[in-house]
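Start at 1 with the first residue, then count along the sequence. Only heavy atoms go into these numbers, but all of them, side chains included; no hydrogens, no water, no symmetry mates.
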Amino acid sequence: MTPMIPGISIPPSSRESLLALKLRCAAGLTLLALLSACGGGGGSSTGSATGNNSDNAVATTPTEPTLDVPVSKNEGSQFVSQASFGAKPGAVDQVMNLGMTGWITDQEKKPASSHLRYFDEQAAALPSGTNPSSSLIHEAFWKAAVTGDDELRQRIAFALSQIFVVSLVDDNVNGQLRGVAHYYDMLSANAFGNYRKLIEDVSLHPVMGLYLSHLRNQKEDPSRGRVPDENYAREVMQLFTIGLYELNPDGTVKLDSRNEPIETYTNEDVTGLAKVFTGFSWAGPDQTDNRFFGNTADPNRMVQAMQAYPKFHSTAQKQFLGVSIGAQTSASPQASLAVALDRLANHPNVGPFIGKQLIQRLVTSNPSQAYVARVSAVWANNGQGVRGDLKAVVTAILTDPEARSTSRVASTNWGKVREPVLRLAAFLRATNARSSSGRFLLGSTDDVVNALGQTPMRSPSVFNFYRPGYIAPNTALASANLVAPEMQIVHETSTVGYLNFMRSVIQNGAGSGSPRDIQPDYAPFIQVANDATVLVESIDTALLGGQMTAATRTLIRDAIASVAVPASPASAADTARRNRVMLGFFLAVASPDFLVQR
């Protein structure tokens, strides 16, 4: 049979080259093709490699100096792909003109895209009696990701949303859509701020309070057998601050005298910290029982930080992580919270634990110990004596010599698998896609057979779509002790589903409606489509930043060339050129060269 993409006929003359590329592309989404595609350091199931027991791991001197202005446009494109949802027309030129640190500073000044404002505007326009749906959350995300000027802020917000997880899958959260929009904006607002404020804003956000059940958390009552809810106390340590095991600054796990990992906290720490998170509930002008239990209606309570209710806060002694808050005669929830968050934010684990995860989300799955140590050092001190300066940390991650090293880019042991959301976003940005409605009407993309198998803010659990320390079992990655977090959501069904979805998007556009609401702009590529070689180079530059391998380039070029462009009639020639472009993009987004961000 002649290989077919619906709407695009591929002549038999190109059958062998196209089949070879399709097989290679499909393999690129499987474990076999990615065994050596995501490496460069140590990893474990907890997200940190075991290593020496030194508190002062040496950060080795990089062999390549960092130049603030990328030497080439391809290097600039690589930077933009790490710092945003993908390069769009003009983005690389901005980096070349401003330099990387200048571009980051410029991005910090950009007005933040507001998911809440979008949600409120669209909800207000609905017919009377119609309730808004979660589609408004998805629309706001895609509009900001594809067209927002605050590219770096939005990319960091997405990374933070996968660390400080709340999920629309949860019924309590899905019933508070306006609050979810505000929660995402809160992460965005903290993208360049201080971690200490971020963790407080996360802890007191009512959406997080509903998701991890510490909103309306009451103090202990022995007569009723009631104890404080421990859910958030456990997760704020395990996932949001210090992790399970004590770490060296380079991210390696500290070992005890028996060569075993040293746990960061105990059940007693969870019990003590849970008392801190009692007595917080809905914001409002009073502290009545009705308001605490949510019986007082307030349309803005989901977009305001939880307030303290001393009546429901534990006055018992609170001991956790070596800190003790003595028994109180009168409750002071805010004071207890401040002590707890200060202790967590100043724990030496936070820099390597959260810093390494940010490296994984932006740059590479397996950063070297030296890379993690350098980022941890900036986390501890931004150069002006400030701890937890996220702008300084993000700058350190993106401008680190290891991130900018051209030799590492060429290595098979470097980079990260692009998760499905980032693949679609990169394609839409590379083709300067536009929404006819202005709303980016792309709803849930959960369907693993016919969509991405991933939707922002719809993680299946608080542990995100994948674990930072995930090691694909029974693979060469596992033998090498290398992690590939995103591979946790890659399997046979998701591979086919992604290819089916992207074929449809490339041919018909994305989103709802007929024609579909979101349409890529192929005009610049159609202009050069007569020359298969030039067309492949244009797709490579726009989508992959010039990182397409010679083998992939040859296979795609041959497949494109097999689509003949007739001299006449003009309509047939135009159709053939458009088919060439669509075929080229389909094979590019399916290729291992694209699926692994380097």
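Side-chain atoms of N464 and L239, non-hydrogen and from C-beta on, never get closer than 4.5 Å to each other. Looking at F277 and M306, their side chains never come closer than 4.5 Å, going by heavy atoms from C-beta outward. No side-chain heavy atom of L499 sits under 4.5 Å from any side-chain heavy atom of V496. Using a 4.5 Å heavy-atom threshold, the side chains of M302 and V180 count as separate. Within the 4.5 Å cutoff, the side chain of V483 has heavy atoms near those of the Q360 side chain. With contacts defined as side-chain heavy-atom distances shorter than 4.5 Å, the pair E486/S365 qualifies. Counting only heavy atoms from C-beta outward, the side chains of H138 and L168 approach each other to under 4.5 Å. V363 places none of its side-chain heavy atoms less than 4.5 Å from the side chain of K416.
Pairing each heavy atom of V375 with each of G355, the nearest pair is CG1-CA, 4.3 Å. Closest non-hydrogen pair, S504 versus R516, comes out as OG-NH1, 2.7 Å. Taking each heavy atom of G511 and L442 in turn, the nearest pair found is N-CD1, 3.8 Å. The two atoms that bring S161 and M457 nearest to each other are CB-SD, 3.9 Å, heavy atoms only. Across all their heavy atoms, P310 and A331 have their closest contact at O-CB, 3.3 Å. Nearest heavy atoms, Q319 versus S324: CG-OG, 3.6 Å.
Checking side-chain atoms of Q218 against main-chain N and O of S314 turns up no donor-acceptor pair under 3.5 Å. Counting only distance, with no hydrogens or angles, the side chain of D150 and the backbone of R153 share no donor-acceptor pair below 3.5 Å. In terms of modelled atom types and a separation under 3.5 Å, the side chain of S281 and the main chain of F292 share a donor-acceptor contact. Side-chain atoms of R361 never come within 3.5 Å of backbone atoms of A159 as a donor-acceptor pair (strictly under, hydrogens ignored). Side chain of S167 to backbone of P460: no donor-acceptor contact under 3.5 angstrom is found. Side chain of T445 to backbone of L452: no donor-acceptor contact under 3.5 angstrom is found. In this structure, N190 contributes its side chain and Y195 its backbone to no donor-acceptor pair below 3.5 Å. Between the side chain of Q334 and the backbone N or O of A308, no donor-acceptor pair lies under 3.5 Å. The backbone N or O of Q488 sits nowhere less than 3.5 Å from a side-chain atom of R467 that would complete a donor-acceptor pair. Listed for the E151 side chain is no donor-acceptor partner under 3.5 Å among the backbone atoms of S84.
In terms of the ring-ring contact (aromatic ring centres under 6.0 Å, His included) criterion, Y466 has no residue partners (sequence neighbours excluded). In this view, N174 satisfies the side chain to side chain donor-acceptor pair (under 3.5 Å) rule with no residue, not counting sequence neighbours.
Salt bridge present: R291 and D286 bring a charged side-chain N and a carboxylate O closer than 4.0 Å. Salt-bridge annotation for D221 and R224: present, with a side-chain N of the basic residue lying under 4.0 Å from a carboxylate O of the acidic one. Under 4.0 Å is where a charged nitrogen must lie from a carboxylate oxygen, and between R196 and E200 at least one such pair does. The existence of a salt bridge linking D185 and R117 is excluded, since no basic side-chain nitrogen approaches an acidic carboxylate oxygen closer than 4.0 Å. Residues R216 and D229 are not paired through a salt bridge, judged by the lack of any N-O separation under 4.0 Å between the basic side chain and the carboxylate.
Aromatic ring pairs are classed by plane angle as parallel below 30°, tilted from 30° to 60° and perpendicular above 60°; the pair F85 and F141 is perpendicular. Using a 30° and 60° split on the angle between ring planes, H313 and F280 fall in the perpendicular class, above 60°.
Of the N and O atoms on the side chains of S436 and D517, at least one donor lies less than 3.5 Å from an acceptor on the other residue. No hydrogens or angles considered: a donor-acceptor pair under 3.5 Å links the side chains of D446 and T455. Residues Q454 and E419 bring a donor and an acceptor atom of their side chains to less than 3.5 Å of each other. Using modelled atom types, one finds no donor on one side chain facing an acceptor on the other under 3.5 Å when comparing K110 with Q154. Residues S459 and Q162 bring no donor and acceptor atom of their side chains to less than 3.5 Å of each other. S134 and R458 are not linked by any side-chain donor-acceptor pair at a separation below 3.5 angstrom, with hydrogens and angles left out of the test.
Applying the side-chain contact (heavy atoms from CB on, under 4.5 Å) test between M208 and each of V166, D201, V462 identifies V166 as the sole match. Between H115 and the options Y184, W142, Y183, a ring-ring contact (aromatic ring centres under 6.0 Å, His included) holds for only Y184.
Remark: aromatic rings of F164 and Y211 are distant, center separation not under 6.0 Å. With ring centers used as reference points, Y470 lies 6.0 Å or more from F465.
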side-chain contact (heavy atoms from CB on, under 4.5 Å) assessment of V417 paired with L595:
CA-CA 6 Å; V417 177; L595 296 173; 5.5 Å; no
Output, in order, the C-alpha distance, side-chain angles, deciding distance and verdict of ring pair (Phe, Tyr, Trp, His ring centres under 6.0 Å) for Y309 and F293.
CA-CA 11 Å; Y309 290 76; F293 289 109; 8.9 Å; no
Steps toward side-chain contact (heavy atoms from CB on, under 4.5 Å) verdict (T252, V372)
CA-CA 9 Å; T252 56; V372 175; over 6 Å; no
Give the intermediate values and the outcome of side-chain contact (heavy atoms from CB on, under 4.5 Å) for residues L424 and F501.
CA-CA 10 Å; L424 176 59; F501 180 75; 3.9 Å; yes
Assess the residue pair N349 and T241 against the criterion (side-chain contact (heavy atoms from CB on, under 4.5 Å)); give the C-alpha distance rounded to whole Å, side-chain angles, the decisive distance to 0.1 Å, and a yes or no.
CA-CA 8 Å; N349 260 36; T241 56; over 6 Å; no
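The cationic atom of R343 (NZ for Lys, CZ for Arg) does not lie both less than 6.0 Å from the six-membered ring centre of F320 and within 45° of the ring axis.
Note: E108 CD to L390 CG = 11.0 Å, rounded to the nearest 0.5 Å. Note that CG of L160 is 6.0 Å distant from CG of L358, once rounded to the nearest 0.5 Å. Taking CD of Q307 as the reference point, atom CZ of R301 lies at 11.5 Å (rounded to 0.5 Å). For the atom pair CZ (F353) and CD (E246), the distance works out to 13.5 Å, reported to the nearest 0.5 Å. Interatomic distance, H214 NE2 to L204 CG, rounded to the nearest 0.5 Å: 7.0 Å. Here the CG-CG distance, from L482 to N366, works out to 4.5 Å after rounding to the nearest 0.5 Å.
For N295, the CG atom sits in a packed shell: over 12 heavy atoms of surrounding residues, nucleotides or ligands are nearer than 6.0 Å. Residue K391 places its NZ atom among more than 12 non-hydrogen atoms of other residues, nucleotides or ligands, all under 6.0 Å distant.
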